[in-house]
Amino acid sequence: MFENKEQFQAAFKRRLETWFGKRFEDSTLQEQYHTLGYMIREHVSGDWIANNEKIRSGGKKQLYYLSIEFLIGRLLGSNLLNLGIREVVDKGLRDLGISLPEVEEFEDDAGLGNGGLGRLAACFLDSLASLDYPGHGSCIRYRHGLFEQRIVNGYQVEYPDQWLLHGYVWEVRRPDESVEVNFWGEVKTEEIDGRLGFRHVNAETVLAVPSDIPVVGYGTETVNTLRLWNAEPNPRQSVFRTNLMDYRRATDSITEFLYPDDTHDEGKILRLKQQYFLVSASLHSIIRTYLKQHRGIRQLHEHVAIHINDTHPVLAIPELMRLLLDEHGLGWDEAWEITTKTMSYTNHTTLSEALEKWPIRLFQPLLPRIFLIVQEINERFCRALWERYPGDWQRIEHMAIVAHDVVKMAHLAIAGTYSVNGVAPLHTEILKNREMNLFYQYEPHKFNNKTNGITHRRWLMKANPRLAETITELIGDGWKRDPDQLQQLQAYVDDAGLQDRAYTIKQMQKRKLADFIQRRYDIAVDENSVFDVQIKRLHGYKRQLLNVLHIISLYNHLKEHPNSCLDVPRTFIFGAKASPGYYVAKKVIKLINAVAERVNGDPRTRDMLKVIFIENYNVSLAELIIPAANVSEQISTASKEASGTGNMKFMLNGALTIGTMDGANVDIFERVGYDNFFLFGLRSEEVLSYYQNGGYNAWEYYHNSPVLQQIMNQITNGSFGGTAYEYGPIYDSLLTENDPYFVLRDFQAYKEAQERVAMCYSNRPVWQRMSLVNIANAGYFSSDRTIEEYVKDIWHLEKL
Ligand SMILES: *Cc1c(COP(=O)(O)O)cnc(C)c1O
């Protein structure tokens with residue numbers, strides 16, 4: 001079907017006409033997209049069946065990666081790339097008068113995630129399949145993913161995401177593999193064969209129906225599965241007719257929306273329901289598959305590894321216990337041993353507001369049997385602690401899983417798994433020495449680091465094909481399977497020819513983004529300006545505010561010095577969604593847009609300075625924006641960003657980082673050195689010491705800086721639109737609340753780092769060399785490396 005252009009064209013036309021019952025010439029983009037999608041699915045079906053057969057016939061150990069988010073973005077382009085048929089399809093369609101990029105644009109992003117955590121899970125799936133490991137994802141099929149963001153009068157407005165509107169070509173619904181998930185009801189105890197047994201009665205049963213998405217590896221025959229669970233009414237559930245509507249509504253709501261916030265625990269019962277729904281459905285189906293081939297449940301951990309991505313799927317631990325105890329008749333000790341040998345856990349954050357704690361009053365009625373098991377886990381855990389630390393009540397209280405009327409999910413995760421990892425060395429050290437120090441003292445062997453990564457296939461080969469080609473011409477294409485080989489570029493960083501080509505490609509990508517901005521926002525940006533980009537979720541700790549304050553200071557400087565100009569013209573590009581209930585974050589969006597309007601409209605500044613806010617930041621926009629970036633803004637308050645992965649995508653595309661010593665910035669910095677990174681700001685120890693010992697006074701920095709005073713005045717006196725109160729929350733955060741993210745503290749250092757950026761950019765050979773050094777050192781940050789580390793140290797998988 002994809003052997004050559006002619007064969008593809010014939011198959012494409014035939015299929016389109018038979019499926020849609022119309023002449024090819026009359027087909028719409030949607031029909032063309034769907035035809036191509038189905039053809040690809042058909043193309044991989046043979047390998048997919050073969051892979052599923054292999055699972056059923058025993059063989060290799062399987063990994064299941066449980067995550068409440070998978071931010072996979074579009075799949076057409078990445079599937080074409082991984083299957084090695086992009087060129088044939090592109091040429092074939094072009095002859096038919098169809099543009100492949102246009103067809104690709106038709107696909108809606110599957111926005112089944114908020115940001116970094118979900119995107120990491122998606123990169124891991126790509127690497128697992130590309131490295132030939134049997135590793136599968138399990139998630140919820142949210143009918144509405146992360147909200148669609150539009151900017152109206154400078155404010156963020158949220159619309160429901162409609163990714164399923166045109167149907168979804170990549171999924172296969174498998175109703176025959178549905179399972180039941182139980183909520184509410186009561187637990188009855190009874191004696192069975194002389195043992196105490198537990199029965200969950202009067203439960204509300206929901207049907208979990210899976211839809212499977214094939215996950216295609218790059219140049220391999222491995223096709224793994226991403227399984228998305230949909231909640232549906234159970235026809236076997238008995239409900240009174242009058243309650244039928246309520247039951248249906250309650251069921252549907254479980255998988256209706258993705259929660260638009262991964263840093264707050266909303267305390268919503270629905271969120272807890274989603275979490276249990278995901279793990280219960282996943283475990284049922286994992287064990288069912290396992291038992292098809294293996295006789296005893298006691299060997300589960302030898303054939304299955306289950307990974308818990310952050311605390312959201314932690315209920316997998318008590319749920320597996322429940323299955324082993326209540327459905328397979330194992331004793332507690334055996335069940336606990338199997339569970340803790342099967343499960344591993346990644347911690348993603350030390351932000352205290354993100355550490356999930358569920359009030360017992362919500363937890364117990366919704367999940368009565370699971371609650372009993374969690375209590376038992378807690379009691380045994382505390383007893384073991386007591387033996388180890390006799391009399392140390394305080395320590396035991398701090399470490400307890402159930403305490404002060406809440407269930408602490410992170411504590412359950414550490415107690416119930418054999419491996420706990422952080423996502424960058426700094427983050428893991430903070431976990432071990434501070435946040436989870438007591439647990440580290442108790443079981444140091446569990447703790448390890450796995451520095452995050454990104455798939456270089458999507459983020460370089462797919463997003464920036466010209467750069468990929470240029471690299472291949474120089475060093476061959478070994479780097480595609482073994483990204484460490486990008487190191488070979490180091491020999492060419494001074495090569496003027498390569499510098500020129502890299503420059504030309506960057507300019508081409510900037511032109512492409514500039515065209516997009518022109519079309520979408522009717523703003524002309526100068527492609528010879530520095531494209532300085534900050535795209536990520538909007539959050540206090542990520543400090544978009546620091547970036548805006550600096551832009552205002554540039555603007556003020558130009559206005560006050562009528563004959564001055566910037567060292568280089570600059571375009572500041574933002575993309576960021578704020579959680580709908582995050583008030584200050586939304587004010588920062590408003591401020592960015594207000595500054596943009598002022599700066600872009602002022603004849604004095606508009607030729608030197610532009611500010612662009614791109615709406616609805618998502619994976620596909622990232623693929624457009626990142627290859628066009630000169631400067632990557634990674635300016636979080638040190639100690640707050642566990643790793644970051646945006647930073648890696650930019651580096652791989654030759655952008656230079658202006659950043660703090662935070663998360664994986666530290667590791668980027670260590671690889672490229674001081675000369676190829678614009679480092680500034682407080683170090684994590686300084687930040688942590690401020691938090692611990694006090695000593696920071698934001699007012700002091702305000703009083704000592706006329707530049708900051710002027711900016712704060714402008715913010716509060718209506719210079720950027722609105723009333724005096726518009727930006728009150730920002731003023732309060734920076735001054736009244738003593739600037740918890742140290743924006744004012746780091747302002748001067750940031751400004752100076754930005755001056756270094758301008759200086760370097762003015763010297764093209766210098767800049768191009770720095771850029772190439774970054775690309776040459778980016779191979780380490782491929783998720784292929786990350787996955788190999790997980791496999792070796794945690795999951796112990798074999799290649800297919
Ligand atoms: C990579 C990525 C992120 C994570 O970005 P950070 O800068 O690490 O926070 C978030 N959203 C999308 C769409 C991404 O592609």
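No hydrogens, no waters, no symmetry mates; every other heavy atom, side chains included, goes into these values.
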Answer whether the closest heavy-atom distance between the side chains of [X] and [Y] falls below 4.5 Å.
X: Val611; Y: Ile573; answer: no
X: Ile430; Y: Thr350; answer: yes
X: Glu686; Y: Phe742; answer: no
X: Leu112; Y: Leu258; answer: no
X: Met651; Y: Asn777; answer: yes
X: Ile612; Y: Phe572; answer: no
X: Asp310; Y: Ser67; answer: no
X: Glu789; Y: Thr786; answer: no

Would Val533 and Ile626 satisfy side chain to side chain contact (heavy atoms under 4.5 Å, CB included), going step by step from the backbone distance to the final call?
-> CA-CA 8 Å; Val533 182; Ile626 291 170; over 6 Å; no

Donor-acceptor check, side chain of [X] to backbone of [Y], threshold 3.5 angstrom: yes or no?
X: Asp739; Y: Leu735; result: no
X: Ser782; Y: Gly779; result: no
X: Lys586; Y: Pro580; result: yes
X: Asp532; Y: Thr571; result: no
X: Lys587; Y: Glu726; result: yes
X: Asn464; Y: Leu460; result: no
X: Asn653; Y: Lys649; result: yes
X: Asn547; Y: Arg543; result: no
X: Arg458; Y: Ile72; result: yes
X: Asn618; Y: Ser620; result: yes

Do Glu148 and Arg150 pass the salt bridge (charged side-chain N to carboxylate O under 4.0 Å, His left out) test, and can you show the C-alpha distance, the side-chain angles, and the key distance before you say yes or no?
-> CA-CA 7 Å; Glu148 184 187 326; Arg150 289 187 217 160; 3.2 Å; yes

Can Met436 and Leu431 be said to form a side chain to side chain contact (heavy atoms under 4.5 Å, CB included), step by step?
-> CA-CA 5 Å; Met436 301 297 170; Leu431 274 186; 3.8 Å; yes

Do [X] and [Y] have side-chain atoms, one donor and one acceptor, less than 3.5 Å apart?
X: Ser419; Y: Asn448; answer: yes
X: Glu356; Y: Gln275; answer: yes
X: Ser762; Y: Asp567; answer: no
X: His312; Y: Glu69; answer: no
X: Gln149; Y: Gln156; answer: yes
X: Lys510; Y: Asn630; answer: yes
X: Asn449; Y: His427; answer: no
X: Thr645; Y: Asn452; answer: no
X: Gln441; Y: Asn437; answer: yes
X: Ser127; Y: Ser783; answer: yes
X: Gln714; Y: Gln709; answer: no
X: Lys536; Y: Gln634; answer: yes
X: Asn347; Y: Tyr345; answer: yes
X: Asp662; Y: Ser636; answer: yes
X: Tyr690; Y: Arg745; answer: yes
X: Ser719; Y: Asn717; answer: yes
X: Gln754; Y: Arg570; answer: yes

Could you go through the side chain to side chain contact (heavy atoms under 4.5 Å, CB included) check for Ile535 and Phe650 one step at a time?
-> CA-CA 10 Å; Ile535 45 174; Phe650 281 100; 3.6 Å; yes

Under 6.0 Å between the ring centres of Tyr617 and Phe574?
->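 For Tyr617 and Phe574, the ring centres are not under 6.0 Å apart.
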
Is the centre of the Tyr582 ring less than 6.0 Å from the centre of the His539 ring?
->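 Yes; His539 has its ring centre under 6.0 Å from that of Tyr582.
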
Are more than 12 heavy atoms, taken from residues, nucleotides or ligands other than [X], located less than 6.0 Å from that residue's [atom1] atom?
X: Glu353; atom1: CD; answer: yes
X: Glu597; atom1: CD; answer: no
X: Asp793; atom1: CG; answer: yes

Name the orientation class of the two ring planes belonging to [X] and [Y] (parallel below 30°, tilted from 30 to 60°, perpendicular beyond 60°).
X: Tyr65; Y: Phe70; value: perpendicular
X: Tyr701; Y: Tyr696; value: tilted
X: Trp699; Y: His703; value: parallel

Trace of the ring-ring contact (aromatic ring centres under 6.0 Å, His included) decision for His307 with Tyr790 | CA-CA 10 Å; His307 198 84; Tyr790 275 90; 5.6 Å; yes

Atom pair CG (Leu355) and OG1 (Thr349), whose distance is rounded to the nearest 0.5 Å |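 Answer rounded to 0.5 Å: 6.5 Å.
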
Atom pair CZ/CD1 of Phe613 and Ile517 - distance to nearest 0.5 Å =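 The CZ atom of Phe613 sits 12.5 Å away from the CD1 atom of Ile517.
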
Working for ring-ring contact (aromatic ring centres under 6.0 Å, His included), residues Phe747 and Phe680 = CA-CA 10 Å; Phe747 178 79; Phe680 76 96; over 10 Å; no

Worked check of side chain to side chain contact (heavy atoms under 4.5 Å, CB included) between His411 and Phe439 | CA-CA 8 Å; His411 295 191; Phe439 291 89; 3.4 Å; yes

Do [X]'s NZ or CZ and the ring of [Y] fall within the cation-pi criteria of under 6.0 Å and 45°?
X: Arg785; Y: Tyr780; result: yes
X: Lys577; Y: Phe147; result: yes
X: Lys432; Y: Phe447; result: no

Decide side-chain hydrogen bond (donor to acceptor under 3.5 Å, both in side chains) for Asn309 and Thr346; before the verdict, give the C-alpha distance in whole Å, the side-chain angles of both, and the deciding distance to 0.1 Å.
-> CA-CA 5 Å; Asn309 192 30; Thr346 297; 4.8 Å; no

